[in-house]
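Working notes, structure below.
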Amino acid sequence: MNIICICLDTFRADIIGPGKKYSHTQTPNLDAFAAESIRFNWAFGEGQPTLQIRRGLFTGMRSFPWRFNFDRRGHWHHAPGWHKIPPEQDTIAEVLLERGYLTALIADTYHMFKPTMNFSRGFAHLDFVRGQESDNWRSGDPRLIEDQLRQHVREPINWQRHAGLVNYLLNQRHRRAEDDYSCARVFRAACEWLDDNHTVGSFFLWIDSFDPHEPWDPPPGYADLYLPNYSDKDFITPGAASEQGDPTEDELRRIEALYLGEVTFVDKCIGRLLSKIEDLKLRDDTLVVLLSDHGTQLRDQGRFGKGANQLHPFNTQLNLLIRHPGEQQGQEVDAFVQNHDLMPTLLHQLGIPCDWTTGEDFWQLVNGEKSSIRDQIIIGWADFATGNARGRVSVRDEHWNFCTAVGYDDPDGDELFDLTDDPTEINNVAESYPAVVKACRAEVEGLLGQPLPGRMIEVCDPAPGPMTHWLQQKLREFN
């Protein structure tokens, strides 16, 4: 059996399928895929954001708590957990390569390829699609993209503040049509790889799309599906809208439309891959996984963005859908699973022993062997701060979501949300339920192996990337 995994960055879990908050988003290909798949409705990350999730996906091992302090010279930024896969941890690609599978990674998630990273371990074929966000790909005089920049930021332009966006726009100067956008390039490369390799034997293909991560910059027309007749600036990095005062309601609605438009474009690109699987007659012997690393806020609780201070489902919940050639279509699983459960699950599906991971085989939930593999989940989210590793942690079960600080003393204290009475997690009731708070703190301390707030050995330095660093220096003369 072949395996194809599609990992999407910053794709909310309340979009695909009927009856969800953003079900109105146009995702026909993913909706059709979901109808044919086993849907895991309670999938969450264990250590977030980007690199922590992928390390857990690749190794079956928890990334949180942060316990490594590897050399990360040349790697930016230095948030907790943003480091290489430890050398003693086997990756799923390495395991499968040793057993005769052809392994391939096609990705534009550039964090995986920065200096000192080794997320490519075990992949016989590697295709790094360049140009996302602050990837050090194409340099140039910032004035080359000044007209474009004016479409996305307030004026007068604060050049230094927007060095990252300048970096991105320089990277994207080659675009002439939809097919030149990064997401289209990733899935086109995946289709071409399948053309060349689908007849050589069993394969493992991991496709990692940075979209719909910021900048929310879909091709022309996609945002208009959700807010037509808009003629003002497109703030493709949402923070730019608040640079010189509060944005207007139309500007806020347009930012949301930009995200949804990018989601629709991602869906179109995935549709080409799904069609290729059909055309090559791979469906009957290929397991296809669709997942995400985290979500993002779309004005949830009054803001855009994501981070350690908002450990709610719009940020922490994952998409996880699996189309299995031998299983019933449309099954739903309402039990907690996490990203580090994926590797042992996939290996067990292939009959490969996997007893060294901290993750669990969640297929036991599908075949009815178990009704749950854990009663609660613990989620750590790294903070971007200088010094010893810090962030926040959530303990979630069917009734409660408890959140507290890790690595520092938070003056705002603990948070506790009663999911029965407050499903949107607005009201902090920690003072009313001290016994619940005490029990949740004990769970975190048990995982940390020390009393809260704890002290991690990782030391973080939020250094910018080389090109962003150069741009910040260069752009001082423009201000």
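Throughout, residue positions are numbered sequentially from 1 according to the sequence presented.
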Look at the side chain of [X] and the backbone N and O of [Y], then say whether any donor-acceptor pair between them is shorter than 3.5 Å.
X      : Y      : answer
Arg55  : Phe119 : no
Glu46  : Phe64  : yes
Thr358 : Arg62  : yes
Asp361 : Met343 : no
Asp90  : Thr59  : no
Ser37  : Arg39  : no
Asn401 : Leu419 : no
Gln297 : Asp300 : yes
Ser63  : Gly47  : no

Given the rule in the salt bridge (charged side-chain N to carboxylate O under 4.0 Å, His left out) test, do Asp224 and Arg254 qualify, once you have shown the distances and angles that lead to the verdict?
-> CA-CA 9 Å; Asp224 295 339; Arg254 182 64 174 187; 2.9 Å; yes
Tell me, yes or no, whether the heavy-atom count around Asp246 atom CG, taken from other residues, nucleotides or ligands under 6.0 Å, exceeds 12.
->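 No.
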Examine the side chains of [X] and [Y] and answer whether a donor and an acceptor come within less than 3.5 Å of each other.
X      : Y      : answer
Trp82  : Gln52  : yes
His312 : Glu425 : yes
Gln310 : Asn315 : no
Glu94  : Thr91  : yes
His340 : Glu360 : no
Tyr168 : Thr237 : no
Gln244 : Arg154 : no
Glu332 : Asn41  : yes
Trp381 : Asp383 : no
Glu178 : Tyr222 : yes

Centre-to-centre under 6.0 Å for [X] and [Y], is that the case here?
X      : Y      : value
His174 : Trp137 : yes
Phe58  : Trp206 : yes
Tyr22  : His24  : yes
His83  : Trp66  : no

Any chance you could lay out the salt bridge (charged side-chain N to carboxylate O under 4.0 Å, His left out) test for Asp279 and Lys276, step after step, and finish with the verdict?
-> CA-CA 5 Å; Asp279 293 345; Lys276 178 62 68 174; 5.2 Å; no
Student check: side-chain heavy atoms of Phe362 and Leu342 closer than 4.5 Å |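 With C-beta onward as the side chain, the pair touches.
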Taking it one step at a time, do His324 and Gln349 satisfy side-chain hydrogen bond (donor to acceptor under 3.5 Å, both in side chains)?
-> CA-CA 10 Å; His324 194 296; Gln349 284 298 297; 2.7 Å; yes
Assign the ring pair Phe336 / Trp42 to parallel, tilted or perpendicular, where the plane angle (0 to 90°) is split at 30° and 60°.
->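 The rings of Phe336 and Trp42 sit tilted, inter-plane angle from 30° to 60°.
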Go through the steps for Tyr101 and Asn2 under the test side-chain hydrogen bond (donor to acceptor under 3.5 Å, both in side chains), then give the verdict.
-> CA-CA 9 Å; Tyr101 279 74; Asn2 309 308; over 6 Å; no
So Ser134 and Tyr110, side-chain hydrogen bond (donor to acceptor under 3.5 Å, both in side chains) or not? Walk me through it.
-> CA-CA 9 Å; Ser134 62; Tyr110 69 111; 2.9 Å; yes
Cation over ring, Arg175 on Tyr181, under 6.0 Å and within 45°?
->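 Yes, Arg175 sits over the ring of Tyr181.
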Step by step, work out the ring pair (Phe, Tyr, Trp, His ring centres under 6.0 Å) result for Trp193 and His198.
-> CA-CA 8 Å; Trp193 187 90; His198 73 281; 9.6 Å; no
What's the verdict on side-chain hydrogen bond (donor to acceptor under 3.5 Å, both in side chains) for Thr27 and Asp267, showing C-alpha distance, side-chain angles and the deciding distance?
-> CA-CA 5 Å; Thr27 53; Asp267 176 84; 4.7 Å; no
Take Asp135 and Lys114 through the test salt bridge (charged side-chain N to carboxylate O under 4.0 Å, His left out) and record every step on the way to the result.
-> CA-CA 9 Å; Asp135 179 19; Lys114 289 175 178 177; over 6 Å; no
